[in-house]
Amino acid sequence: GAGVSQSPSNKVTEKGKDVELRCDPISGHTALYWYRQSLGQGLEFLIYFQGNSAPDKSGLPSDRFSAERTGGSVSTLTIQRTQQEDSAVYLCASSPHGSGNTIYFGEGSWLTVV
Amino acid sequence: GQQVMQIPQYQHVQEGEDFTTYCNSSTTLSNIQWYKQRPGGHPVFLIQLVKSGEVKKQKRLTFQFGEAKKNSSLHITATQTTDVGTYFCAGRMSGGSNYKLTFGKGTLLTVNP
């Protein structure tokens, strides 16, 4: 597609349930990022993938969060046993390489945990 | 860890007035980027600054990177209602992982027509 595609755009889930958020980066982009944005806050780095290298998971807030990137393209962010504080917009972004390049954001997945 | 701070958090102006947001890093940056996020939208890249003391202009927007590469500013001349949104700076730490962008909390600009 022309841009970074994320799904679902909105998700309401009950506390304790698992959720999966999907990101389809721009074709040809080798770098993929996940950020989290809570209401009125900045963007919190979660995880970074670059090609076949080991991902940088240093931003994941707890072991309930995990992410995969299959075939160097689509990525899935999984949150297990969701908590109310997980409610936020989860933004995926991609860039051509990763070093010094502009990153292009998707529209985000708005997660609400009730 | 690296911190990027932005001030002010909010700014309300009358249309036609100028606006400035400031960004300060706790560490020296290799480069800094600026993004704009419209209400309900996602961040969109505006510009990247790399050189010490660099100044770049985009129409009514002027971006500066400090001599020490630890601070930056965005100035909008004669604001318009289309300028409404949150402006984020994002820095890459010098000598560190050159892919990780650390974002400031942003400055929300509202413009009264």
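Bear in mind that the values here come from a model prediction, so they are computed numbers and not experimental data. Lettering of chains follows the sequences in order, A, B, ..., and the numbering in each one begins at 1.
Residue with the most contacts toward chain B among G108(A), G59(A), G106(A): G106(A) (heavy-atom pairs, distance under 4.5 Å).
The aromatic rings of F103(B) and Y35(A) stand perpendicular to each other, their planes meeting at an angle above 60°, with 30° marking the opposite boundary.
A donor-acceptor distance shorter than 3.5 angstrom exists from the side chain of K56(B) to the backbone of Q48(B), with no hydrogens or angles considered.
Counting heavy atoms from C-beta on, the side chains of L21(A) and Q6(A) never come closer than 4.5 Å.
Contacts between L43(A) and chain B at a heavy-atom distance below 4.5 Å involve backbone atoms as well as side-chain atoms. For chain A, the nearby part of Q37(B) is the side chain; its heavy atoms alone come within less than 4.5 Å. Looking at E44(A), neither its backbone nor its side chain comes within 4.5 Å of chain B, counting heavy atoms on both sides.
Tested against H29(A) for a ring-ring contact (aromatic ring centres under 6.0 Å, His included), the candidates Y104(A), F49(A), F105(A) yield a single pass: Y104(A).
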